[in-house]
Amino acid sequence: MRIKSIILALVATLICCAELSAQNSQITPVPAIVRGGMCDDGVCTPAVPFDYSQPFKLSFEGVDAVDVQRLEAAAVAAGLDVQRVKRPAKKGYIHFVVKPDMIHDDEGYAMVTTEEGVIVTANTAAGAFYALQTMRQLVESGDWQTGIIGDYPRFEYRGVLIDISRHFRTVDFLKRQIDMMARLKMNRLHLHLTDAAGWRLEIESYPRLVSYAAWRTPHDWKGWSNSGCRYVDQGSEGASGGYLTKVEARELVAYAADRYITIIPEIEMPGHSEEVLEAYPELKCSHKPERQADLCIGKETTFEMMQAILDEVLEIFPSEYIHIGGDEAGKSSWKECEDCKRRMQEEDLKDVDELQSYMIHRIEEYLNSKGRQIIGWDEILEGGLAPNATVMSWRGEEGGHIAAEAGHKVVMSPHGYCYIDAPQDAPYSQRESIGGYLPLEKVYSYEPVPETMPREVGEYILGVQANLWAEFIVEDSHYEYMLWPRAIAVAEIGWSQPQNRDYADFRERAIMIVDRMIEEGYTPFDLKNEIGNRPESKEDIDHLARGKKVTYLEPSRYYAPKYAAAYDATLTDGKRGTWTYADERWQGFLGRGGVDVVIDMEEVTTIRSISADFMQICGPGVFMPCLVEIAISTDGENYTKIADIEHEVIIDELPSFKSFGWQGEVEARYIRYKAHRSKYTGFLFVDEIVVK
Ligand code: ACM
Ligand code: ZN
């Protein structure tokens with residue numbers, strides 16, 4: 001076989017065959033370059049179908065024994081009939097050449113398919129593995145043609161967070177997700193192993209973490225959360241939960257490594273640590289029985305424990321990064337705690353943010369001394385970022401951008417795009433969830449490096465991660481449903497070059513993947529049946545009050561600043577809300593008074609209907625009004641009530657939308673629309689007062 005001449009032909013083909021082939025639409029994430037056909041010695045031949053069902057001779061150059069096994073297994077998983085041989089065959093071959101600096105990226109590959117066989121060149125075995133994932137998709141699509149594919153990832157970090165604290169998942173379940181991630185060229189699995197809802201990793205030096213803090217009753221997080229968040233001893237009646245033994249965790253690490261995926265363990269500190277403090281109450285700030293979430297940073301025993309735990313974690317997980325959490329510490333117990341106060345005085349820490357930062361610095365130093373790096377949620381910026389820390393930006397993008405500007409590496413997982421625990425379709429068609437609305441298209445639209453970011457800052461953005469928190473996700477099948485296909489979008493954001501990304505094309509490919517997953521027994525969201533966004537929100541609505549002035553009467557003047565939407569213009573701007581109140585179209589009213597507004601129609605007008613929609617999502621405290629009053633006036637002083645609409649607010653699980661309105665015929669210039677809140681404390685959300 002003429003390996004050298006094929007590589008030369010590859011270069012020639014890249015230069016002269018400009019057409020993208022139809023293969024482009026079969027492969028996900030979409031590759032960097034796909035060229036049909038081949039040019040050799042100035043002679044170009046067009047693409048022809050490649051017989052991938054033939055028996056192949058599989059050969060390797062520059063690949064060590066472990067990687068040979070991994071790659072051979074991947075070739076079999078790709079559906080190829082392969083037999084390993086020592087030397088490249090003359091025909092019917094798949095030959096891998098793995099050497100440093102073959103191509104410009106360590107995870108990239110170049111793949112040349114001629115009628116005689118396939119040659120893959122890559123710098124590392126990971127690149128060769130990704131070539132095999134491409135082959136797998138070509139086999140699955142039934143359309144593999146001669147030509148070349150030159151491919152490499154845009155970002156080095158392409159991750160998924162799986163939360164096994166809120167509901168425990170087995171090794172088998174995790175392996176299934178790893179399989180799928182590998183097929184999509186993802187390379188980091190962030191395991192959220194510890195949180196209030198349960199500790200999920202065997203730690204021999206602190207056995208109560210798994211004999212007690214990993215078990216609870218009842219089984220489901222919501223029931224547990226509503227009934228006092230109690231832990232129970234392993235094996236006691238009704239105990240539900242579980243944990244990964246060290247043997248299981250090592251097995252999982254090896255399984256992922258065979259697929260070129262690194263597992264990053266997350267050990268939360270100092271917040272989100274209720275389960276640790278219930279198992280070892282001596283680490284609470286006070287010894288009082290009440291639940292506390294934050295480890296005491298004043299006590300040396302906290303550091304002794306965390307370091308001992310980390311020692312055991314490091315033995316299991318070889319990842320460069322250890323995720324140390326760092327998010328959402330309440331920090332209130334530290335203000336009252338004698339030990340914490342002493343620590344702050346001794347270390348000259350001016351506030352509790354600096355106290356948290358003290359802990360993160362110390363843990364970083366400890367892990368750095370063991371050859372590892374820390375990564376933490378963006379709250380680790382508060383009080384001063386540890387010198388070598390990498391930041392995972394979740395509260396938005398700002399934390400990540402600040403960290404990147406300061407020369408820290410960053411993984412972007414902003415909740416508005418990457419928190420795939422929000423429903424992915426019309427909320428009425430979905431199970432109860434944390435709320436919001438995050439369809440595939442919105443996830444796909446995420447751009448981790450904004451155009452305005454200077455290139456040298458953008459280089460600190462390592463990549464992107466989808467986070468799937470599991471508070472409301474009890475069954476494994478539901479977890480898969482929430483994960484896929486949205487994690488496919490994150491895979492493509494992480495891998496593909498931005499100029500090659502196109503949502504309509506991606507959606508077609510995602511439907512193909514989802515259909516195949518369903519055939520294989522996975523339970524993804526069936527994308528082809530997507531209902532989509534709230535129909536009312538898709539086009540602006542024209543009506544008599546559009547653009548008219550709205551006066552907010554006391555005390556409803558004070559709509560919540562976070563949900564101000566388009567401020568005083570919101571209720572007559574013609575823009576209807578989507579399925580989520582966080583879309584800057586719904587206006588939120590909290591506190592006394594409900595909604596009480598007057599619209600000035602500018603002149604006496606014939607009015608035949610007045611209506612406004614409200615939404616209810618009880619979880620985050622959004623309720624329907626219990627009464628809407630509508631009144632009209634011609635002079636703005638004397639009002640005549642035309643409607644009194646009563647509504648019984650009933651607590652339910654799913655989001656709902658309801659219109660409160662009046663129909664008839666009146667002449668008026670002013671309309672007063674007043675919605676009263678119910679006995680339930682929370683928000684009223686309204687998007688538009690439509691007048692016809
Ligand atoms: C987080 O969602 N608290 C990281
Ligand atoms: Zn303390």
Side chains of [X] and [Y] in contact at under 4.5 Å (non-hydrogen atoms):
| X | Y | value |
| --- | --- | --- |
| H478 | V474 | no |
| Q54 | D81 | no |
| M412 | I461 | yes |
| S429 | I531 | yes |
| L184 | M181 | no |
| F60 | V98 | no |
| L367 | L314 | yes |
| L252 | I178 | yes |

Would you find a donor on one side and an acceptor on the other, under 3.5 Å apart, between the side chain of [X] and the backbone of [Y]?
| X | Y | value |
| --- | --- | --- |
| D327 | W377 | no |
| Y479 | D163 | yes |
| D378 | W394 | yes |
| R158 | K185 | yes |
| W579 | G532 | yes |
| S477 | T523 | no |
| N500 | A32 | yes |
| R136 | G79 | no |
| K57 | K86 | no |
| T28 | V30 | no |

Can you list everything that forms a ring-ring contact (aromatic ring centres under 6.0 Å, His included) with Y152? Sequence neighbours excluded, please. H104

The criterion is ring-ring contact (aromatic ring centres under 6.0 Å, His included); which residues satisfy it with H192, sequence neighbours excluded? W469

If the plane angle is over 60° it's perpendicular, under 30° parallel, otherwise tilted; pick one for Y444 and Y503. tilted

Between [X] and [Y], do the side chains contain an N or O donor and an N or O acceptor separated by less than 3.5 Å?
| X | Y | answer |
| --- | --- | --- |
| Q177 | Y522 | no |
| Q69 | D67 | no |
| Q430 | Y437 | no |

Heavy-atom closest contact ([X] atom, [Y] atom, distance):
| X | Y | result |
| --- | --- | --- |
| P29 | A491 | CG-O, 3.8 Å |
| P31 | D151 | CA-OD1, 3.2 Å |
| P485 | L440 | O-CD1, 3.5 Å |
| S445 | R501 | C-NH2, 4.3 Å |
| A122 | A128 | CB-N, 3.7 Å |
| A131 | V120 | CB-CG1, 3.6 Å |

Kindly indicate, with the supporting measurements, whether the criterion salt bridge (charged side-chain N to carboxylate O under 4.0 Å, His left out) is fulfilled by E520 and R183. CA-CA 14 Å; E520 291 175 9; R183 286 160 73 171; 2.9 Å; yes

Residue pairs passing the salt bridge (charged side-chain N to carboxylate O under 4.0 Å, His left out) test with at least one member in residues 466-487, sequence neighbours excluded, are R166-E471, R169-D476, R176-E480, R431-E475

Atom pair [atom1] ([X]) and [atom2] ([Y]), whose distance is rounded to the nearest 0.5 Å:
| X | Y | atom1 | atom2 | result |
| --- | --- | --- | --- | --- |
| Q133 | L138 | CD | CG | 11.5 Å |
| I267 | E312 | CD1 | CD | 10.0 Å |
| D195 | I164 | CG | CD1 | 11.5 Å |
| I488 | M186 | CD1 | CE | 9.5 Å |

Is any NZ, NE, NH1 or NH2 atom of the basic residue among [X] and [Y] found under 4.0 Å from an Asp or Glu carboxylate oxygen of the other?
| X | Y | result |
| --- | --- | --- |
| E140 | R516 | yes |
| E441 | R507 | no |
| K222 | E432 | yes |
| D101 | K99 | no |

Given I513 and M517, is the side-chain contact (heavy atoms from CB on, under 4.5 Å) satisfied, shown in steps? CA-CA 6 Å; I513 295 172; M517 288 180 78; 4.1 Å; yes

Please assess S240 against W215 for the test side chain to side chain donor-acceptor pair (under 3.5 Å), listing each intermediate value before the final yes or no. CA-CA 5 Å; S240 173; W215 303 93; over 6 Å; no

Worked verdict on E116 versus Y93 for side chain to side chain donor-acceptor pair (under 3.5 Å): CA-CA 7 Å; E116 285 82 44; Y93 53 82; 4.8 Å; no

Paired with Y321, the side chain to side chain contact (heavy atoms under 4.5 Å, CB included) test is passed by just one of K409, R372, E266, M392, namely K409

Which of Y260, W495, Y109 passes ring pair (Phe, Tyr, Trp, His ring centres under 6.0 Å) with Y130? Answer is W495

